[in-house]
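Scroll down for the structure; my scribbles are underneath it.
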Amino acid sequence: MRSPHMLWAAVPVLAFLSTPFLPFVNGPHLWFGIPSVLAWCLLWTVGTTVALAVVDRLVFAGRPEEEDVEDEVAAA
C-alpha cells in the first residue's frame with residue numbers, strides 16, 4: 001500500500017533519527033524540568049500516534065466498514 005499519505009508517518013521517524021544531530025535537543029538542556037532528549041522523544045511519541053491516526057483517516061476515508069461489505073455480499 002503506497003500512498004502519498006504515508007509521508008505523514010515518515011515525519012516522526014525522521015524526527016527520531018535526527019535526534020543525535022540536533023544541537024538544541026542533544027545537549028545539557030532542560031525542557032519542562034526534564035532532559036531535552038527525553039522531552040523530544042515524548043513529543044514525537046505523541047506525534048507518531050497523531051501521524052498514524054491521520055494516515056488511517058486519510059487512507060480509509062470513504063471506504064465502507066468490513067461489516068457493511070459483508071452485509072452487502074450476504075444480501076446479494
Side-chain angles (χ1 to χ4, degrees):
M1 173 176 71
R2 297 209 179 239
S3 169
H5 304 302
M6 299 304 280
L7 292 174
W8 284 99
V11 172
V13 172
L14 293 174
F16 275 122
L17 292 176
S18 66
T19 299
F21 306 109
L22 298 174
F24 62 91
V25 175
N26 193 13
H29 314 292
L30 292 178
W31 294 355
F32 309 110
I34 58 176
S36 58
V37 173
L38 179 61
W40 182 259
C41 289
L42 289 173
L43 170 79
W44 285 109
T45 301
V46 172
T48 301
T49 304
V50 171
L52 291 176
V54 167
V55 169
D56 185 54
R57 289 284 183 185
L58 293 176
V59 169
F60 297 113
R63 291 189 185 173
E65 294 290 328
E66 287 184 29
E67 296 170 356
D68 294 339
V69 172
E70 291 173 2
D71 291 341
E72 290 175 7
V73 170

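The basis for the numbers below is simple: all heavy atoms, side chains too, and nothing from hydrogens, waters or symmetry mates. Numbering starts at 1 and runs along the sequence shown.
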Requested in this report: Find out if a path of hydrophobic residues (ILVMFWY) with successive side-chain heavy-atom gaps under 4.5 Å connects V25 to L42.
Outcome: no
Requested in this report: Might you point out which heavy atoms bring S18 and A15 nearest each other, and give the distance in Å?
Outcome: OG-O, 3.1 Å
Query raised in the report: Between F16 and V13, is there a shared hydrophobic cluster once you connect ILVMFWY residues whose side-chain heavy atoms come closer than 4.5 Å?
Result: no
Report summary line: Closest non-hydrogen contact found for P12 with T48 is CB-OG1, 3.2 Å
Query raised in the report: Hey, any chance F24 and F21 share a hydrophobic cluster, counting ILVMFWY side chains that come within less than 4.5 Å of each other, even indirectly?
Result: no
Query raised in the report: Can you find a pair of side-chain heavy atoms, one from T19 and one from W44, that are under 4.5 Å apart?
Result: no
Query raised in the report: Are W40 and F32 connected in the hydrophobic side-chain network, where two residues link if heavy atoms are under 4.5 Å apart?
Result: yes
Query - Heavy-atom side-chain proximity of W31 to L38 below 4.5 angstrom - result: no
**Report entry** Nearest atoms (heavy-atom pairs only) where L52 meets A9
**Finding:** CD2-CB, 4.2 Å
Query - L7 and V11: CA distance, side-chain angles, deciding distance, side chain to side chain contact (heavy atoms under 4.5 Å, CB included) verdict - result: CA-CA 7 Å; L7 292 174; V11 172; over 6 Å; no
